[in-house]
Amino acid sequence: MNPPRTDARRHHDPEVRGFASDNYAGAHPEVLAALALANGGHQVAYGEDAYTENLQQVIRSHFGPTAEAFPVFNGTGANVVALQAVTDRWGAVICAESAHINVDEGGAPERVGGIKLLTVPTPDGKLTPELIDRQAYGWDDEHRAMPQVVSIAQATELGTVYTPDEIRAICEHAHAHGMKVHVDGSRLANAAAALDVPLRTFTNAVGVDLLSLGGTKNGALFGEAVVVLDPGGIKHMKHLRKLSMQLASKMRFVSVQLEALFARDLWLRNARHANEMAQRLAEGVRAVHGVEILHPVQANAVFARLPHDVSERLQKRFRFYFWDEAAGDVRWMCAFDTTEDDVDRFVAALKEEMAR
């Protein structure tokens with residue numbers, strides 16, 4: 001059978017590779033196949049479709065029998081909807097200063113969600129009970145936004161990973177103060193791959209209340225989900241999702257992608273590969289004199305410091321971003337489709353530019 005006719009044209013060179021973001025990667029072929037499978041005929045809109053119904057069983061296989069998934073368009077939407085669900089109008093969220101919700105979401109949690117963020121400086125992107133206590137006070141002070149949630153990212157914005165025991169300690173500490181715990185899991189799969197444990201080991205098994213489950217960075221075309229681990233304690237999610245403009249009319253096309261990733265092991269295969277490529281990249285970079293790796297390489301990110309002019313020249317050959325341009329810090333990300341040859345060519349280019 002001939003492929004369907006299209007008037008679209010390719011506008012990019014598929015051979016061009018970069019290390020700027022795992023969002024630069026396309027969709028995994030198995031995800032695209034799932035989208036085609038879901039495309040035939042009519043299905044009820046706004047989440048009443050067979051694919052979204054089946055997704056609930058897939059999610060419960062990972063996060064326990066009470067878990068409920070609410071598919072959304074993107075990670076910022078997932079975080080804003082989730083945090084709104086567990087805060088009052090006067091509520092606040094404690095997070096790391098480097099957290100994505102604080103520095104990379106355009107102020108959406110505060111401007112769209114109406115949520116005050118109480119930030120804490122962290123050396124490695126990870127909160128601890130002691131660091132949380134820097135902001136966990138003043139619940140009866142009407143002059144201060146009330147801390148109601150602790151939000152952590154797994155993996156963090158600095159590429160580090162919380163152990164299950166570290167998250168358990170955070171959950172116990174937060175719950176003792178009457179606060180809930182949210183996990184920004186845009187790279188949750190990478191964390192599970194790094195720890196070599198099931199997703200439940202550091203989520204519902206240790207007391208996490210709800211999480212944002214990532215798909216886009218791990219092979220989906222688009223789409224994430226808010227996963228509520230204890231629906232009895234969190235209400236009105238459907239209304240919040242609609243209010244926040246995150247309710248997809250053709251939701252089957254979000255749900256089927258998450259099903260393709262999480263029904264079997266595609267999520268884990270993709271994440272393991274991305275992590276392995278980051279380890280390969282870090283190993284190559286360590287051999288380059290004058291380049292410093294800044295944080296432990298635990299997921300699929302490598303943070304490094306090198307001369308500014310070297311970075312600018314290297315960026316003309318491979319796309320990547322400065323993390324702190326004044327300090328010369330950069331971030332290099334690996335994706336599910338990063339190859340060993342991609343990494344080796346990048347390291348070779350880095351060596352060439354450092355030698356100039």
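Note that the structure is a prediction, hence the values are computed from the model and not measured.
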Kindly say whether [Y] contributes a backbone atom to a donor-acceptor pair with the side chain of [X] at under 3.5 angstrom?
| X | Y | value |
| --- | --- | --- |
| Asp88 | Trp90 | no |
| Asp209 | His182 | no |
| Gln257 | Phe222 | yes |
| Arg200 | Ser61 | yes |
| Glu97 | Val120 | no |
| Gln298 | Ala194 | no |
| Glu157 | Gly125 | no |
| Arg252 | Ala38 | yes |

side-chain contact (heavy atoms from CB on, under 4.5 Å) between Phe320 and Leu314, worked out | CA-CA 9 Å; Phe320 62 89; Leu314 191 58; 3.7 Å; yes
Student check: side-chain heavy atoms of [X] and [Y] closer than 4.5 Å:
| X | Y | result |
| --- | --- | --- |
| Ile170 | Glu166 | no |
| Leu118 | Arg144 | yes |
| Met333 | Met277 | no |
| Glu325 | His308 | yes |
| Leu37 | Val256 | no |
| Leu188 | Trp267 | no |
| Leu213 | Ile59 | yes |
| Gln246 | Val226 | no |

For side-chain contact (heavy atoms from CB on, under 4.5 Å), just list the numbers for Val343 and Phe19, CA-CA rounded to whole Å, side-chain angles, deciding distance to a tenth of an Å, and then say yes or no.
-> CA-CA 9 Å; Val343 172; Phe19 291 85; 4.2 Å; yes
Ignoring hydrogens and angles, state whether a donor on the side chain of Thr339 or Asp342 is under 3.5 Å from an acceptor on the partner side chain.
->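 Judged by distance alone, the side chains do pair up.
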Scan side-chain atoms only and decide if His273 and Thr338 contain a donor-acceptor pair under the 3.5 Å cut-off.
->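 No - no donor-acceptor pair under 3.5 Å links their side chains.
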Salt bridge flag under 4.0 Å for residues [X] and [Y]:
| X | Y | answer |
| --- | --- | --- |
| Asp324 | Arg305 | no |
| Glu353 | Arg356 | yes |
| Arg331 | Asp329 | no |

On a heavy-atom basis, which atom in [X] and which in [Y] lie closest, and how many Å separate them?
| X | Y | result |
| --- | --- | --- |
| Ser244 | Val81 | CB-CG2, 3.6 Å |
| Pro147 | Ala136 | CG-CA, 4.4 Å |
| Ala155 | Val161 | CB-CG2, 4.0 Å |
| Ala278 | Ala299 | CB-O, 3.5 Å |
| Ala274 | Cys334 | O-CB, 3.5 Å |
| Ala192 | Leu199 | CB-CD2, 3.7 Å |

May I ask you to decide if the ring planes of His177 and Trp139 are parallel, tilted or perpendicular, using 30° and 60° as cut-offs?
->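 His177 and Trp139: parallel rings.
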Parallel, tilted or perpendicular, as decided by the 30° and 60° cut-offs, for the rings of Trp323 and Phe303 =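 Judged by the thresholds at 30° and 60°, the geometry between Phe303 and Trp323 is perpendicular.
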Separation between [atom1] of [X] and [atom2] of [Y], rounded to the nearest 0.5 Å:
| X | Y | atom1 | atom2 | answer |
| --- | --- | --- | --- | --- |
| Asn218 | Asp22 | CG | CG | 8.5 Å |
| Arg89 | Ile115 | CZ | CD1 | 12.5 Å |
| Asp184 | Asp104 | CG | CG | 10.0 Å |
| Phe262 | Leu268 | CZ | CG | 10.0 Å |
| Leu117 | Glu105 | CG | CD | 9.0 Å |
| Gln84 | Arg241 | CD | CZ | 13.5 Å |

If you draw a 6.0 Å radius around [atom1] in [X], do more than 12 non-hydrogen atoms from other residues or ligands fall strictly inside?
| X | atom1 | answer |
| --- | --- | --- |
| His12 | NE2 | yes |
| Gln56 | CD | yes |
| Arg317 | CZ | yes |
| Asp140 | CG | no |
| Arg111 | CZ | no |
| Glu283 | CD | no |

What's the verdict on side-chain contact (heavy atoms from CB on, under 4.5 Å) for Val93 and Val86, showing C-alpha distance, side-chain angles and the deciding distance?
-> CA-CA 9 Å; Val93 174; Val86 285; over 6 Å; no
With ring centroids as reference points, do Phe318 and Trp332 lie under 6.0 angstrom apart?
->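 For Phe318 and Trp332, the ring centres are not under 6.0 Å apart.
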Distance flag, aromatic centroids of Tyr162 and Phe202, threshold under 6.0 Å |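 No, too far apart.
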Any residue meeting ring-ring contact (aromatic ring centres under 6.0 Å, His included) with His175, in chain and number order, not counting sequence neighbours =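 If we apply the ring-ring contact (aromatic ring centres under 6.0 Å, His included) test to His175, skipping adjacent residues, there are no hits.
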Do [X] and [Y] land in one hydrophobic cluster if side-chain heavy atoms of ILVMFWY residues count as linked below 4.5 Å?
| X | Y | value |
| --- | --- | --- |
| Leu350 | Phe322 | yes |
| Phe63 | Leu266 | yes |
| Leu83 | Phe73 | no |
| Met179 | Ile152 | yes |
| Val150 | Ile167 | yes |

Arg272 and its side-chain hydrogen bond (donor to acceptor under 3.5 Å, both in side chains) partner, picked from Asn190, Asn300, Asp265, Asp196 = Asp196
Pairs flagged by side chain to side chain donor-acceptor pair (under 3.5 Å) wherever residues 27-49 is involved - sequence neighbours left out | Glu30-Arg269, Asp49-Thr52
Could you go through the side-chain contact (heavy atoms from CB on, under 4.5 Å) check for Leu281 and Val347 one step at a time?
-> CA-CA 7 Å; Leu281 176 58; Val347 172; 3.9 Å; yes
For Phe346, is the NZ or CZ atom of Arg17 found under 6.0 angstrom from the centre of its six-membered ring and inside 45 degrees of the ring axis?
->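 No cation-pi geometry.
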Of Thr160, Leu195, Leu211, Val208, which meets side chain to side chain contact (heavy atoms under 4.5 Å, CB included) against Gln154?
-> Leu195
